[in-house]
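Provided herewith is a single structure, encoded as structure tokens, for subsequent inquiry.
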2 protein chains.
Amino acid sequence: MNLQQFRFVRETIRRDFNLTEAARMLYTSQPGVSKAILEFEDELGIKIFERHGKRIKGLTRPGLAVSQVIDRIMLEVDNLKKVSDEYARRDEGGLTIACTHTQARYMLPKVIPAFRQRFPKVHLSLAEGSPRQLAEMVLHGQADLAIATESLALTPGLVTLPCYTWEHVVVVRPDHPLADLRSSAVKKLSLEQLAEYPIVTYDRAFSGRTAIDDAFAGQRIHPDIVLEAIDADVIKTYVDVGMGIGIIAGVAYDPRRDSGLVGLPVGRLFGTHTTRIGVKAGVFLRDYVYTFLEMAAPQLTREVVQQAIMEHGGDIAPE
Amino acid sequence: MNLQQFRFVRETIRRDFNLTEAARMLYTSQPGVSKAILEFEDELGIKIFERHGKRIKGLTRPGLAVSQVIDRIMLEVDNLKKVSDEYARRDEGGLTIACTHTQARYMLPKVIPAFRQRFPKVHLSLAEGSPRQLAEMVLHGQADLAIATESLALTPGLVTLPCYTWEHVVVVRPDHPLADLRSSAVKKLSLEQLAEYPIVTYDRAFSGRTAIDDAFAGQRIHPDIVLEAIDADVIKTYVDVGMGIGIIAGVAYDPRRDSGLVGLPVGRLFGTHTTRIGVKAGVFLRDYVYTFLEMAAPQLTREVVQQAIMEHGGDIAPE
DNA sequence: CACCGTTACGAGGTACGTAACTATG
DNA sequence: CATAGTTACGTACCTCGTAACGGTG
């Protein structure tokens, strides 16, 4: 029994039971993987994989149980490396943040400069993707943190922590009829009124889009969504060229920088959303990661986060 | 990084930082252990052990952190073997119960025959020791369960579950003055009255002895404890030869088998005690272990026990 | 027949044991 | 000076890669 066998089993499962793929991902030969797994099964006295003749099709029941234990072992092996790095190179290391474009473009710039100053030796990297992908990246150890608004909380094995809340904002061109409303009129804006114009907003998987859909559907309104994009910059660009009105996250509108557009605070129409940070349950986080979390959201103190990670699947109320 | 290195580190710590001892326990050469650990420290980039010249004295701070992670890894590696055995040999395996003499002699005989009938292929073994030793055996994986009344609950890393409650009983020879009391008089027996006679009872570490001491001390009575023993059989023997009156656990007195002695139910004087079963936090238990627990105490269902094990250090109220 | 997993075999490297050496208390 | 840890070194074994083989869809 050795760590290599654990790696092979885990990777084979991740590569959809394709040994050849698994071997390639681990930079080794396919027969080596095959042999190691066979020997491992032999030692345990069980079959881990369901085989149709020679094709590996899936996990057996004991294989499922074994793979779960292996996941826990490999998680701790990863922790071992992190723990020792924590002492060997106190303020050095890497921090990979998996997030949506909105976070990378509008929220992280408020945090990262200060973090960088405090930990100049930490190598930062940002990865973007859909919330589903972000969660996957964290679960597989490819990223340390996932930051997103939607669906993160539902992923098993992921601990999610409330970071900040926000509301949507409507952006229009200065020459648009809605641009001239007085602020009292803006406060009274209804979904019907918005639906009179073509709408440019987020793709289905991002930044509270489901809340937008739900809001309209709740009043049986069928808005004309002429364009979907995953980021507010694209949306603003198309609003600017006259495609329609934009609905974007409040954080994505800056009156100063977006001086070519008018923002209408209509948050109440689409509800309040909580952006959450997700970490893998049971991981060891480097000291600077805790500091990062506290910089991003003061309520996420080391104690709060550690408890959430240990309680494994625990979640903290949005308040 | 490999499992062997983890084993060496763990064993070195357990053997009080004596490499030679650790090597012997693992049936390998001492230089091999030394080299493996040095390489491991090198790979992690930290020193695990505090060295005075060449003598290993203790753990460094990173070493402590690393050793905790290693403990979790090795726990899961053990689980791996158990999980696969669970499927490979469904009703076969071993069950080692670490318990005090009282449990082995009086309580387990009520459970083990039925268990044996249900799982004839499970090899049972009983280990006896002080509660402190029992806890240690379970924590080191030398025993699956610990059963005892005292102090188990306090051991960190051990999950303890309430099994049954009991009270003490006083045993005297038939020719003893107390033997002739009517049951109404027995109900009124006081500590003072008992303290008029020399007492034979348990050793300090066993079966509610502290409760006996506390009861007397609470009324500022200094009983004459003429003999201490770790088991009721010994106590009864000395009561029988006229050394004094005996105070033993209720389960240890059987009117039929102990016909040469008279039992006086004076439980209220020394309080009610809960015998607990301890398992290591986070372990995987074979199916038959869950069955055993439920046979020993019907309230300890699989769900209850599993939850307690997972909540790691969790405890269930005696009710 | 193209793809995938297993078996066979050989070279390189690693693990481990013995022996010698060194430092500590 | 006895005990304990590290270094040195050689052998045995094991890992891993290439090549060949056997089944599956």
Side-chain angles (χ1 to χ4, degrees), chain A residues 1-60 62-64 66-67 70 73-74 77 80, chain B residues 1-60 62-64 66-67 70 73-74 77 80:
Chain A
M1 210 192 301
N2 57 52
L3 293 179
Q4 200 69 321
Q5 291 169 323
F6 302 164
R7 288 194 195 95
F8 290 167
V9 168
R10 185 173 64 158
E11 198 62 29
T12 300
I13 295 168
R14 285 193 180 165
R15 298 300 144 201
D16 265 319
F17 309 103
N18 182 326
L19 277 199
T20 311
E21 261 309 284
R24 175 160 40 239
M25 297 313 287
L26 297 172
Y27 307 103
T28 186
S29 72
Q30 183 272 334
V33 175
S34 173
K35 189 151 182 287
I37 290 178
L38 255 10
E39 284 171 354
F40 187 39
E41 290 181 319
D42 203 44
E43 180 176 354
L44 293 182
I46 53 164
K47 288 276 167 249
I48 295 173
F49 294 110
E50 198 81 65
R51 291 173 175 79
H52 280 197
K54 286 196 169 180
R55 296 297 168 97
I56 293 178
K57 284 294 186 182
L59 285 171
T60 60
L64 176 63
V66 163
S67 82
I70 286 178
I73 293 175
M74 295 314 288
V77 169
L80 208 49
Chain B
M1 210 191 306
N2 57 52
L3 293 180
Q4 200 68 324
Q5 292 169 323
F6 302 165
R7 287 193 195 98
F8 290 166
V9 169
R10 185 173 65 157
E11 198 63 28
T12 300
I13 295 169
R14 284 192 181 168
R15 297 301 143 200
D16 264 319
F17 309 104
N18 183 326
L19 278 200
T20 311
E21 262 307 285
R24 176 160 40 239
M25 297 313 288
L26 298 172
Y27 306 102
T28 185
S29 72
Q30 183 272 334
V33 174
S34 174
K35 188 151 183 287
I37 289 178
L38 255 8
E39 284 171 355
F40 187 39
E41 290 181 320
D42 203 45
E43 178 176 355
L44 293 182
I46 54 164
K47 288 275 166 250
I48 295 172
F49 294 110
E50 198 81 65
R51 290 173 175 79
H52 280 197
K54 287 196 168 180
R55 296 299 166 97
I56 293 178
K57 284 295 186 181
L59 285 171
T60 60
L64 177 63
V66 163
S67 81
I70 286 179
I73 293 175
M74 295 314 289
V77 170
L80 207 49

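Values in this document were obtained by computation on a predicted structure and should not be read as measured data. Below, chains carry the letters A, B, ... as their sequence lines are ordered, and counting in each starts from 1.
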Can you check whether A:Ala23's main-chain N or O pairs, donor with acceptor, with A:Thr28's side chain at less than 3.5 Å?
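No, A:Thr28 side chain to A:Ala23 backbone: no donor-acceptor pair under 3.5 Å.
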Point to revise | Heavy-atom side-chain proximity of B:Met1 to B:Phe6 below 4.5 angstrom | key: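 Yes, at least one pair of side-chain atoms sits under 4.5 Å.
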Rounded to the nearest 0.5 Å, how far does CG of B:Leu3 lie from CG of A:Leu3?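 Result: 4.0 Å between the selected atoms.
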Got a list of protein N/O to nucleotides 21-25 of chain C N/O distances below 3.5 Å?
| unit_1 | atom_1 | unit_2 | atom_2 | d |
| --- | --- | --- | --- | --- |
| C:dT24 | O2 | B:Arg55 | NH2 | 2.7 |

Does any part of the side chain of A:Glu21, heavy atoms only, come nearer than 4.5 Å to the side chain of A:Asp16, both counted from C-beta?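 No. Closest side-chain heavy atoms not under 4.5 Å.
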Next on the checklist: How many whole angstroms separate atom CD of B:Glu43 from atom C1' of C:dT14?
Outcome noted: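 My rounded result for the distance is 14 Å.
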Query - Integer-rounded Å distance: C:dT14 P and B:Gln5 CD - result: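 Taking CD of B:Gln5 and P of C:dT14, I get 13 Å after rounding.
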State, yes or no, whether a side-chain contact exists between B:Glu50 and B:Phe17 at a heavy-atom distance under 4.5 Å.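 They are not in side-chain contact.
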Quick test of your reading of the model: are A:Arg7 and A:Glu11 salt-bridged, counting only N-O distances below 4.0 Å?
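Result for this pair is no, no salt bridge flagged.
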Could you please spell out the steps behind the side-chain contact (heavy atoms from CB on, under 4.5 Å) verdict for A:Ile70 and A:Val66? CA-CA 6 Å; A:Ile70 286 178; A:Val66 163; 3.7 Å; yes
Round to the nearest Å and state the distance from B:Asp16 atom CG to D:dG5 atom C1'.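 Checked: the CG to C1' distance equals 17 Å.
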* To do: Would you check if B:Ile46 and B:Thr60 make a side-chain contact, meaning some heavy-atom pair closer than 4.5 Å?
  =>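 Not touching, per the 4.5 Å side-chain cut-off.
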Tabulate below the donor-acceptor pairs under 3.5 Å that side-chain atoms of residues 29-37 of chain B make, not counting sequence neighbours, or state none.
| unit_1 | atom_1 | unit_2 | atom_2 | d |
| --- | --- | --- | --- | --- |
| B:Ser29 | OG | B:Gly32 | N | 3.2 |
| B:Lys35 | NZ | B:Glu39 | OE2 | 3.0 |

Counting C-beta onward and ignoring hydrogens, is there a side-chain heavy-atom pair between A:Asn18 and A:Thr12 closer than 4.5 Å?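 No, side chains not in contact.
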Send over the distance from B:Arg15 CZ to D:dG5 P, rounded to a whole Å.
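Those two atoms, CZ and P, are 14 Å apart.
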Exercise for the section: Could I get the full list of salt bridge (Lys or Arg N to Asp or Glu O under 4.0 Å) partners for B:Arg51, not counting sequence neighbours? Expected result: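 Only B:Glu41 meet the salt bridge (Lys or Arg N to Asp or Glu O under 4.0 Å) criterion with B:Arg51.
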query: In whole angstrom, what separates B:Phe40's CZ from C:dA15's P?
result: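 Distance, rounded to whole Å: 13 Å.
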Check: Can you tell me how far C1' of C:dT7 sits from CG of A:Asp42, to the nearest Å?
Finding: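 About 15 Å, once rounded to whole Å.
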Legend entry - Five-pair end axes of the helix from C:dC1-D:dG25 to C:dG25-D:dC1, angle between them (10°):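 Taking five pairs per end, the axes differ by 40°.
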Practice problem: May I ask you to test the B:Ile48-B:Val9 pair for a side-chain heavy-atom distance under 4.5 Å? | Solution: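 Counting from C-beta outward, B:Ile48 and B:Val9 do come under 4.5 Å.
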Just do the ring-ring contact (aromatic ring centres under 6.0 Å, His included) check on B:Phe40 and B:Phe8 with the steps written out, would you?
CA-CA 10 Å; B:Phe40 187 39; B:Phe8 290 166; over 10 Å; no
Scoring nucleotides 10-16 of chain D by protein non-hydrogen atoms under 4.0 Å (B base, S sugar-phosphate only, - none) yields ------S
Hey, is the side chain of A:Arg51 poking within less than 4.0 Å of OP1 or OP2 on D:dG23, counting only N and O atoms?
->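 So the side chain of A:Arg51 is outside the cut-off, no N or O lying under 4.0 Å from OP1 or OP2 of D:dG23.
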*Heavy-atom side-chain contact between A:Ile73 and A:Val77 under 4.5 Å*: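 Yes, side chains in contact.
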If you take any heavy atom closer than 4.0 Å to DNA chain D, which residues from residues 18-26 of chain B end up in contact?
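Residues of residues 18-26 of chain B that come under 4.0 Å of DNA chain D are, in numerical order, B:Asn18, B:Leu19, B:Thr20.
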Q: Mind checking B:Phe17 for me? I need base, sugar-phosphate or nothing, with any heavy atom below 4.0 Å counting as a touch.
A: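 The answer is sugar-phosphate, as B:Phe17 gets under 4.0 Å only of primed atoms, P, OP1 or OP2.
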Rounded distance in Å - CZ (A:Phe49) to P (C:dC4):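 That distance rounds to 16 Å.
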(Q) What is the distance, to the nearest angstrom, from the CD atom on A:Gln30 to the C1' atom on D:dG22? (A)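 From A:Gln30 CD to D:dG22 C1': 13 Å.
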